[in-house]
Chemist: 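Supplied in C-alpha cells, the structure appears directly below.
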Amino acid sequence: MNLSSIVVQVNPSYLDEVIEVIHQSDLWEYQLHDEKGRIIVIIEGEVTEEEVAKLQELQAVKHVSSAEMAFSYSGDELEEARQFLEEKEKLPNWLNDPNAKLSEIKYGGDIKGRY
C-alpha cells in the first residue's frame, strides 16, 4: 500500500468549491486547508501507477491551479528497510552497543552510501 500527501493550490475564491469536490470523491481524502488556497489531501494506491492516476484526476479538477505530491510512503519500502535493519552485519557496531555515547558517534553525511 502506498500513501502520498498532495498539496493542491487553488485561487482562494474557489476554495470552498474545490474542497466540496474533494469531499465528494472517494479518490482523495481531505485533510486541511488555509485561506491562501492551499489544500492538503491524501491519496492511496496499491501501486505507484494508481496513485499517479489519482493525482492526475485531481490536477484536472476545475479551478485547481496545481496539485503535486509532497510526501510519499510505500509499504514495500518499509519492508525493505526492516529487512535491511534485521541484517545486523550491515549495521555499524556502535548502533547495537548499549554503552555507545552520542558524543562519540561520527556522522559523515552519507548514510545510504556508507553501509
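The basis for the numbers below is simple: all heavy atoms, side chains too, and nothing from hydrogens, waters or symmetry mates.
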Chemist: Of all the heavy-atom pairs spanning Y30 and I22, show the shortest one and how long it is.
Modeler: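 Shortest heavy-atom contact: CB-CG2, 3.9 Å.
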
Chemist: Which residues pass the salt bridge (charged side-chain N to carboxylate O under 4.0 Å, His left out) test with E50, sequence neighbours left out?
Modeler: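 Listed in chain order: K54.
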
Chemist: Using a 4.5 Å cut-off on heavy atoms from C-beta on, say whether the side chain of I19 contacts that of H23.
Modeler: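 Contact flag for H23/I19 side chains = yes.
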
Chemist: On a heavy-atom basis, which atom in V47 and which in N2 lie closest, and how many Å separate them?
Modeler: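 Here V47 and N2 meet closest at C-ND2, 3.3 Å.
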
Chemist: Once you round to the nearest 0.5 Å, how far does CD1 of I40 lie from CD1 of I6?
Modeler: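 One gets 9.0 Å once the value is rounded to the nearest 0.5 Å.
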
Chemist: Just verifying a value: how many Å separate S66 OG and R38 CZ, rounded to the nearest 0.5 Å?
Modeler: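 Atom-to-atom, S66:OG and R38:CZ are 11.0 Å apart.
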
Chemist: Are the side chains of V64 and V18 in contact, using a 4.5 Å heavy-atom criterion?
Modeler: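 The answer is yes; the side chains approach within 4.5 Å.
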
Chemist: We want to know whether Q31 and E29 form a side-chain donor-acceptor pair, criterion being a heavy-atom distance below 3.5 angstrom.
Modeler: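 Short answer, yes.
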
Chemist: How many angstroms lie between atom CG of L3 and atom CD of E44, to the nearest 0.5 angstrom?
Modeler: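 The CG atom of L3 sits 5.5 Å away from the CD atom of E44.
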
Chemist: Which atom names give the shortest non-hydrogen contact between L58 and V8, and what distance separates them?
Modeler: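 Result for this residue pair: CD2-CG2, 3.6 Å.
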
Chemist: Looking only at heavy atoms, which two atoms of V21 and W28 are closest? And how far apart?
Modeler: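 Where V21 meets W28 most closely, the heavy atoms are O-CZ3, 4.2 Å.
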
Chemist: With sequence neighbours excluded, tell me which residues meet ring-ring contact (aromatic ring centres under 6.0 Å, His included) with Y14.
Modeler: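 H63.
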
Chemist: Between D34 (side chain only) and G37 (backbone N and O only), is there a donor and an acceptor less than 3.5 Å apart?
Modeler: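 Answer holds: yes.
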
Chemist: Between S4 and M69 (side chain of the first, backbone of the second, donor and acceptor by atom type, cut-off under 3.5 Å), is there such a pair?
Modeler: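 Judged by distance alone, no pair lies under 3.5 Å.
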
Chemist: When rounded to the nearest 0.5 angstrom, what is the spacing between CZ in F71 and CD1 in I42?
Modeler: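 So the gap between those two atoms works out to 10.5 Å.
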
